[in-house]
Amino acid sequence: MEYHHRDIEKKWQAYWAKNKTFKAEDDSTKPKYYVLDMFPYPSGAGLHVGHPLGYIASDVVSRYKRHRGFNVLHPMGYDSFGLPAEQYAIQTGQHPKLTTEQNIKRYREQLDKIGFSFDWDREVQTSDPNYYKWTQWIFIQLFNSWYNPRVNKAEKIETLVAVFEKEGFKGNEHDILTGDIEKELALFTAAEWKNFDEKKRSEVLMHFRLAYLGEAYVNWCPALGTVLANDEVKDGVSERGGHPVERKLMKQWSMRITAYAQRLLDGLDTIDWSESLKEAQRNWIGRSQGCSIRFKSLDGKSPEHDIEVFTTRPDTLFGVSYLTLAPEHELVDMITPPTHRDEVNAYVTYAKNRSERERMADVKKVTGVFTGAYAIHPFTNEKIPVWIGDYVLAGYGTGAVMAVPAHDERDHAFAKHFGLPLKQVIELPKGWDLQKASYDEKKGKVINSDFMNGMEVVDAIKECIQRIENHKFGKGQINFRLRDAVFGRQRYWGEPIPIYYKDGIPHAIPENELPLTLPEVDKYLPTPDGEPPLARAEGWKYKGQYEYELTTMPGWAGSSWYFLRYMDPHNTKEFADKKHMDYWQNVDLYIGGSEHATGHLLYVRFWTKFLKDMGLIRVDEPAKKLINQGMIGGVSKIVHRVNGTNKIVSRNLKDNFETTAIHVDIGLADGDSIDIEGLKKWRDDFHNAEFILEDGQLFASSEIGKMSKRWYNVVNPDDLCEKFGADSFRLYEMFLGPLTESKPWDTKGIEGVSRFLKKLWRLFANEGKWLVNDEEPSKPEYKALHKCIKRVTEDIERYSFNTVVSTFMICVNELSDLKCSKRKILEPLIIMLSPYAPHIAEELWEKLGHQHSIETAGWPELEESHLVEDSFAYPISFNGKMRFNIDMSLSLNAQEIEKIVLSHADTQKFLEGKPVKKVIVVPRKIVNIVV
RNA sequence: GCCCAGAUGGCGGAAUUGGUAGACGCGCUGGUCUCAAACACCAGUGCCCUCACAGGCAUGCCGGUUCGACUCCGGCUCUGGGUACCA
């Protein structure tokens, strides 16, 4: 009859597994609810207390929704392809598959101890050939598709072939988008298309495919021996490992995510994700509206030497004092006269050799060179000098800008450095010194600008674009910062790209021959001549003769569609059955970390939109609502050693010495006090240490940071589940603070929720006696319960998981004070508690005589009548007047309020027998009494 | 630099639409139990003054709106996150 969490938790975890309590039904008359966690990469370190936070929150919602009558899909799986297992393989020779299996086993053990309500029959692993078969299949669909801007969606490549057969390719004027590489593609007629050989046709189509092989500047990481996507590079170094990254021109498989830029942007308005995350995606997509403007070459006769710039500020067109080209710009060579050739070549070489990281490190350093060439201003026909500067990026817009030093900060810095003139074309605010800083605001009247004079900036922009288009100097244009995503990785442990080459032409593997499984290799390193590890696979050729593509897919491939596979995970005929996908649609609640804002969460939206275009799914977005859980920080403990000695000094005495800080294991600390005997055993060099104590104790300092082995501050969930129980652990993780907030972990606090569970248990049974009875509850008992029902229900609905725990505690404290052990009160209470503390709830539910799992119980109904306050009004201020706050839910009229207020004990006290002059009832909720 | 979020006791945090600020938990103090300790239980605990009552001050800083502001408005400071020559 005592509460033994170990026995109880083991018992119910086994019960749930045996009875498949959490199995989701694929056809049900119940409404569906899909709760998804971002599946983990199974790393060797196992879980620490930060990882399960989001899983516990999603589990609470899942269990709550089941009580509410929903058919809940709550699956879990593993994102099991990835770098660490491969790095480990390189070091030890152990196959990454083996490492991954071991890690998954460990993860599963840890997860099971926490008592999640996952439907494990639906587990997926991205490295399983039965799974990646369909990742490869989707890749082939992307390869066989193009984005048709005329209907604004992706279509089969055959429809493009049909266009070419009928119209040929007339370029962008005829609204056939091609993405970044359009410049390289020459126009052709329908007749020419028909004469192209297979190779030429393949090359042309490659400019349109959504998964394509193209030459582009990529982030090359020499240390990892692979390319990386933009979101995998942070501050010029690789996100994993922190190795330097270079820009390199390479032929690579890429995803034409840019085709979806506008739709990815628009879709954000339809989903309930946090504003900060949506902003991050908006910035990453980076839409900017402006226009292109062509500056003619000096002689006016060589149109191929015209320089096209992109600007969002055509209103400043009359303020241009020079043009700037990116060092990599193709025109640099063509327009530079012999007189300036040496200087220009020297600069271009310098700029190329400057690594990305250097460039980022000293952004402020202005470098550039004059080409010696000039262009013609389209409206004034002035001679405009053409410069090269590395502040202009080759990859954005046209790789050339019109420089307006008076109204652009970067142009200003460049002009100042090289002594180029400033031309003011916008009225300045009072006291502005153009010599000191440019005026960049899009506000003010335009001056010195011919037809735009006197206009406001916004109007001038519109007018100027209009004129530019009329004169055919250029046209209105929208640019996106978003780049196509590099898709090939020179790595072993990933999905093989299902492509083979015949006569140099890439072909997709026929769908019925998938999966293309990973071949065995002798080593997981690149070959000596720099080919990816897959080149080591002996005799690995399609049909024994054609070369396979040797790169593998990036980590984000498998995770870009896994939410669909959970709907039908064992299907061998399709990636998922349409019937199932029509039922489950998309994720109702998705919980995971915000670090995926511009990676996974953008790619999964991209693939979802693509699959919808293909008519394979119905939904346009993967997740309706998304919550980013905050990080749980680790508190590390630091002891202070006196320099040059082996003396450890307690925290408050350390200022008397020169000391060195040493991180020690968090397990040795009880609060700030350190277990000295434990410390001596913990590390050899402490064995003979002397200690300078205060009050007989050694105190440590604390520091909050990431949880990491390095700081010895990792707290392991298994240990906590063992010591306090999974229910306490779950309650405490939720209790710690708002889910979305970052907060430090404090193991001490778990004792509070542990006490709460013991107290709850004592309401049911105490000193070996079962206390629950069938007596009718009293008014205050009902009130305690229904206050709890109201708050718990409302708070779960608004994802305020931490306040729910407080509400339970308050309710149990009240019932404990009332010595209430009545079934009618306790039964609804443990139903509400079961999402948070399912094991103890199941146990008590069974002891109350129920045959079925508590999961089948309905959610308690709220009876408002139990909540009525005894005193509906309370005084809120004494300031010559007396005011009452009124409970308006009673909807009393003014006379009734006046009567009740005047008879209130506090009013009598306030009046001290004096007569009332006036009672003012303010319509909302205030009553003033004037004496 | 730009964008976003935030700032409440010794600590984590409550306060749902502008209405008794500090719920709940940790920690701390005292008590009961115990030979003793741990556990458990009970009580107290924002700060200042006071034996106590009473009073004064309190939601990063300055100002405004309001009968009333943690909450709304304007201006600052600091912290965390994202992004970085994107024309």
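Chain letters run A, B, ... following the sequence lines, proteins first and then strands; every chain starts at 1.
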- Message: Please classify the nucleic acid contact of A:Ser806 as base, sugar-phosphate, or nothing, using heavy-atom distances under 4.0 Å.
- Response: base
- Tell me what A:Asp411 touches on the nucleic acid: a base, only sugar-phosphate, or nothing, going by heavy atoms under 4.0 Å. nothing
- Task: Please answer whether the main-chain N or O of A:Thr316 pairs with a side-chain N or O of A:His407 as donor and acceptor at a distance below 3.5 Å.
- Result: no
- Select base, sugar-phosphate, or nothing to describe what A:Arg762 touches, counting heavy atoms under 4.0 Å on all strands. sugar-phosphate
- Note on the structure: Comparing A:Lys759 with A:Glu409, nearest RNA chain B nucleotide closer to 5' gives the residue A:Glu409
- Note on the structure: Heavy-atom closest pair (A:Asn628 atom, A:Ser274 atom, distance to 0.1 Å) is OD1-OG, 3.8 Å
- Under 4.0 angstrom, heavy atoms only, what part of the nucleic acid is A:Asn813 near: base, sugar-phosphate, or nothing? sugar-phosphate
- Would you indicate what A:Thr807 reaches in the nucleic acid, counting non-hydrogen atoms under 4.0 angstrom: base, sugar-phosphate, or nothing? nothing
- Query: Which part of the nucleic acid does A:Glu794 contact within heavy-atom distance under 4.0 Å: base, sugar-phosphate only, or nothing?
  - Reply: base
- Item | Under-4.0 Å salt bridge between A:Glu794 and A:Arg798 | no
- Task: Please determine if a side-chain N or O atom of A:Arg481 lies less than 4.0 Å away from the OP1 or OP2 oxygen of B:rA87.
- Result: no
- Span that lies between the C1' atom of B:rA54 and that of B:rU59, in whole angstrom: 25 Å
- Spacing of A:Lys758 atom NZ relative to B:rG25 atom C1', expressed in whole Å: 15 Å
